[in-house]
Chemist: 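Quick one: the structure is below, and I'll ask about it shortly.
Reckoned from all heavy atoms, side chains included, excluding hydrogens, waters and symmetry mates. Since we're looking at a predicted model, the values are computed, not measured.
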Amino acid sequence: MKRISSWKLSTLSLAIVAVSMSVTADDNISDTQVQNTATDPAKTEAAQLKTLKFTAQATTPKDPDISAIAKTVVTREEMLQYGDQSVNDALRRAAGFQMPSPGQGPRGNSGASGMRFRGGGAPVFLINGEAVQGGPRGGMSIVDTLTPEMIERIEITKQPSVAHASVASSAVINIILKEPLDDAGLNGTVKVGYGFAESDQKEEERKNLSVQADGRTGPWLYSISANQMWNDSVSVSETLSQGQSQQQKRVSERDSFMLSPRLEYELDDQQKLVAELFYRNSKNDSTQNTQLQHDTNDSIRLNTRYERKDKAGSDKIRFSAENQNETEKTRSVNYSSIIDESIDEYGLAYDGVRKLNDRLQFKFGADSRTSELDSNVADTLDEQRYALYAEGSWKFSDHQTLTLGARQEWLNRSGLVDYSDQQLSPVLAHRFDLTDQWSIQTNISQAFKSPKTDNLLPTVSVSTSSDAGSLNNPDRGGNPYLKPEKITAVESTLGFNTASGGVNFTAFHREIDDYIEKVIQQEGSRFVERPQNQNNATTYGVELSGRYALKQTEKGHSFMLNGQLSTVRAKIEEDNHTERLVSDVAPYTASTGLSYNYQPLKLSTAINLNYVPAFSRKLDNQSYIRSSNERFNIDISATRRFADGWATTLSARNILSTDYKERLNSTVDGSLFEARTNQAIPSVLLSVEKKF
């Protein structure tokens with residue numbers, strides 16, 4: 001497929017505008033607006049084009065950022081209303097994200113690192129503006145250990161922005177942690193939870209303890225967050241191969257701990273110094289048949305920054321350092337291995353904003369990062385990345401804003417593999433506010449995305465079960481020869497937005513050279529899944545989402561309803577110019593949620609439904625078609641608040657959920673080759689919370 005030329009991109013963007021509908025948001029939300037928005041759930045994600053429309057007071061000042069790049073916000077209050085227990089729970093309600101299926105193998109594909117965005121890779125996760133990652137090969141991330149009590153808000157940027165390293169390649173999820181709000185001394189929340197589920201042969205026991213505390217004394221602000229989770233489970237998988245069926249149990253014991261202290265010093269009313277530390281440790285022991293698996297993953301990350309802000313602009317200097325270690329031990333009758341890996345990463349960056357007047361502003365900055373990947377079974381891999389960016393926004397009329405930016409990046413790898421590349425990434429965005437309710441937005445960009453360091457180490461994680469190492473349950477490894485994806489993208493949105501909610505419809509088209517796909521190939525006597533570059537891929541689709549909120553009535557009733565439907569077609573062009581669909585991208589996903597609150601009883605309830613249709617895809621370089629079944633799950637939660645800061649929450653996860661089934665059929669005669677079923681585990685968790 002030929003690359004789209006510039007004039008074709010412009011023509012395509014105009015065509016998409018004619019049929020697109022979406023609610024968009026200003027690029028940055030001011031602190032004042034976010035605090036007011038938090039009091040009303042209707043002021044979040046789906047209706048964010050004009051943040052002022054969703055504030056509690058009409059006198060709230062407008063967002064000083066005039067960028068045409070869209071951003072949506074999910075507040076802590078919304079997460080608590082819907083009974084969310086993780087960042088993943090909140091992202092289920094955001095259009096464009098496909099959550100991971102139940103994992104296979106020792107790690108599986110769960111958590112933040114397993115998501116997909118619009119047929120591409122996982123979104124980029126930031127905490128207070130700094131990138132975070134999982135273990136060297138995608139272990140549990142810091143993101144997976146955060147609870148809503150620790151979060152102020154989640155900012156979701158789906159459209160390309162040169163201020164972010166991902167540019168047009170993926171969404172950016174920036175998690176802003178809770179900050180102290182007054183001088184009342186130390187205050188916070190302690191939460192304890194316990195859950196147990198048993199169904200047929202499946203069992204699960206969950207326990208967690210979390211603490212979030214913060215305070216302010218003069219110019220000093222301090223906070224600490226800690227979370228300890230234990231999860232013991234007995235899961236069941238069924239395999240069918242060569243006409244023989246076998247059922248197996250897997251016993252897992254997993255615990256994780258996260259500690260995050262933060263210290264901030266206000267030099268004056270315009271300047272401050274911030275230091276925050278993240279420590280995470282997770283362990284997983286599992287047994288299946290005669291195979292024993294022991295995984296440990298720990299990391300420590302330090303973020304420091306200097307911030308200056310006034311009416312004319314801001315400056316931010318950031319320094320970060322992170323060390324991660326991961327060990328995987330596998331032992332069975334026929335196999336034994338120990339893999340030790342580590343990552344050391346350092347980053348130094350500068351971000352500046354200058355606002356010349358109410359209609360013109362500039363953003364600019366530089367970023368430098370270096371990392372070293374060590375393994376006991378592979379050579380060391382060193383990587384250096386450098387970037388410069390500049391972006392200008394011009395509000396040339398009361399209803400129209402234009403944003404133009406460019407990012408230049410350089411990439412060098414040495415050691416295990418020698419590789420260098422550089423790329424210029426331009427972005428053009430235009431927003432047209434037709435009325436106070438209607439708006440049109442268009443974004444055109446060219447960019448490149450470097451593969452995550454998790455995917456570069458060639459070492460292999462051995463899968464478990466009787467069909468381990470097969471096409472349907474392959475081992476998993478990395479690929480040090482991965483090249484960055486080169487992306488040409490256009491998207492357009494048209495939205496309708498009122499104070500009670502909004503409806504949005506987004507259309508996008510992305511052409512990707514060197515598209516990274518997970519490919520299964522035979523290595524020796526076993527099959528191994530590794531990421532590989534494909535020559536060319538095209539992804540396109542539409543996203544429909546809506547939200548309606550009923551504010552609290554005189555009798556104390558209020559509710560919020562939201563839903564989203566996201567479609568995506570991800571096609572790869574083969575060497576012989578034939579096309580096939582990407583093997584693990586569902587044609588669409590849908591979700592809906594309803595939150596109801598009754599103020600006299602201080603009762604909050606919520607129900608969420610998620611759906612993925614059945615689909616079949618041909619495997620690359622294999623004469624088989626892989627089929628996944630139709631899947632849905634229901635989550636329910638209820639929170640009752642009492643006097644003196646006490647509260648209790650009852651949440652049920654995966655109620656009436658569908659087992660995850662995969663089948664491999666021959667492309668020649670359609671006969672069944674292999675089948676696998678991972679049974680879902682419904683669970684109930686009771687939590688008790690005390691604010692102090």
Side-chain angles (χ1 to χ4, degrees), residues 3 6 9 27 67 69 117 120-126 129-133 157-174 316-320 322 343 345-353 362-373 381-392 403-429 443-456 479-490 510-516 531 533 537:
R3 295 185 59 83
S6 299
L9 275 176
D27 183 52
S67 173
I69 305 296
F117 176 69
V124 177
F125 283 91
L126 312 177
E130 285 289 339
V132 296
Q133 54 187 343
T157 305
K158 297 181 183 179
Q159 293 188 336
S161 170
V162 300
H164 300 297
S166 67
V167 194
S169 58
S170 187
V172 175
I173 313 298
N174 189 15
K316 184 183 295 184
I317 300 175
R318 299 178 283 121
F319 173 76
S320 62
E322 182 172 11
I343 294 180
E345 181 179 271
Y346 302 92
L348 180 64
Y350 166 77
D351 302 291
V353 178
F362 291 96
K363 297 180 180 180
F364 49 91
D367 198 332
S368 174
R369 296 186 182 274
T370 180
S371 64
E372 181 181 87
L373 285 72
L381 178 63
D382 297 315
E383 182 175 278
Q384 293 83 37
R385 286 180 285 175
Y386 310 95
L388 296 171
Y389 75 87
E391 178 183 280
T403 295
L404 177 64
R407 185 182 183 95
Q408 175 69 50
E409 294 196 12
W410 296 266
L411 170 66
N412 295 288
R413 295 193 194 122
S414 59
L416 181 61
V417 60
D418 291 324
Y419 178 83
S420 63
D421 194 8
Q422 61 175 308
Q423 187 76 18
L424 178 66
S425 304
V427 172
L428 174 63
N443 194 303
I444 304 171
S445 64
Q446 289 181 318
F448 88 122
K449 180 183 179 183
S450 177
K452 296 174 61 178
T453 52
D454 312 1
N455 295 325
L456 297 176
N479 179 4
Y481 299 98
L482 283 178
K483 296 183 292 183
E485 296 178 332
K486 297 176 176 62
I487 303 152
T488 302
V490 59
R510 309 168 79 202
E511 193 163 318
I512 308 173
D513 290 339
D514 295 321
Y515 177 80
I516 297 176
N533 290 110

Chemist: Minimum heavy-atom separation for Ala489 and Arg510, please, with both atom names.
Modeler: CB-CG, 4.0 Å
Chemist: Taking atom CD of Gln446 and atom CG of Leu428, what is their separation to the nearest 0.5 Å?
Modeler: 11.5 Å
Chemist: Between Asn412 and Ser420, what is the shortest heavy-atom contact and its length?
Modeler: OD1-CB, 3.2 Å
Chemist: Walk me through whether Leu456 and Asn479 qualify under side-chain contact (heavy atoms from CB on, under 4.5 Å).
Modeler: CA-CA 5 Å; Leu456 297 176; Asn479 179 4; over 6 Å; no
Chemist: Could you give the distance from NZ (Lys363) to CG (Asp351), rounded to the nearest 0.5 Å?
Modeler: 9.5 Å
Chemist: Looking at CG of Asn443 and OG1 of Thr403, how far apart are the two atoms once the value is rounded to the nearest 0.5 Å?
Modeler: 9.0 Å
Chemist: Have a look at Glu345 and tell me which of Glu372, Glu383, Arg369 forms a side chain to side chain contact (heavy atoms under 4.5 Å, CB included) with it.
Modeler: Arg369
Chemist: Which atom pair, heavy atoms only, marks the closest approach of Pro480 to Val417?
Modeler: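 That closest heavy-atom pairing would be O-CG1, 3.2 Å.
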Chemist: Can you name the nearest heavy-atom pair linking Ala366 to Leu388, along with the distance?
Modeler: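 So the two residues come closest at CB-CD2, 3.6 Å.
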Chemist: Working to the nearest 0.5 angstrom, can you tell me the gap between Leu348 CG and Thr370 OG1?
Modeler: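 It comes to 12.0 Å.
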Chemist: So which atom in Ile69 and which in Ala429 form the shortest heavy-atom distance, rounded to 0.1 Å?
Modeler: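 Heavy-atom minimum between the residues: CD1-CB, 3.6 Å.
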Chemist: Find the distance between OG1 (Thr157) and CD1 (Ile173) and round it off to the nearest 0.5 Å.
Modeler: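 Atom-to-atom, Thr157:OG1 and Ile173:CD1 are 8.0 Å apart.
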Chemist: Decide salt bridge (Lys or Arg N to Asp or Glu O under 4.0 Å) for Asp421 and Lys483; before the verdict, give the C-alpha distance in whole Å, the side-chain angles of both, and the deciding distance to 0.1 Å.
Modeler: CA-CA 9 Å; Asp421 194 8; Lys483 296 183 292 183; over 6 Å; no
Chemist: Show your reasoning for whether side-chain contact (heavy atoms from CB on, under 4.5 Å) applies to Tyr419 and Leu411.
Modeler: CA-CA 8 Å; Tyr419 178 83; Leu411 170 66; 4.0 Å; yes
Chemist: Test side-chain contact (heavy atoms from CB on, under 4.5 Å) on Val172 and Phe117; report intermediate values, then the result.
Modeler: CA-CA 10 Å; Val172 175; Phe117 176 69; over 6 Å; no
Chemist: Can you tell me how far the OH atom of Tyr346 sits from the CZ atom of Phe319, to the nearest 0.5 Å?
Modeler: 7.5 Å
Chemist: Would you name the heavy atoms of Pro531 and Leu482 that are closest together and state the gap between them?
Modeler: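 Of all heavy-atom pairs spanning Pro531 and Leu482, the closest is O-CD2, 3.4 Å.
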Chemist: With side chains defined as the heavy atoms from C-beta onward, is the minimum distance between Pro484 and Gln423 less than 4.5 Å?
Modeler: no
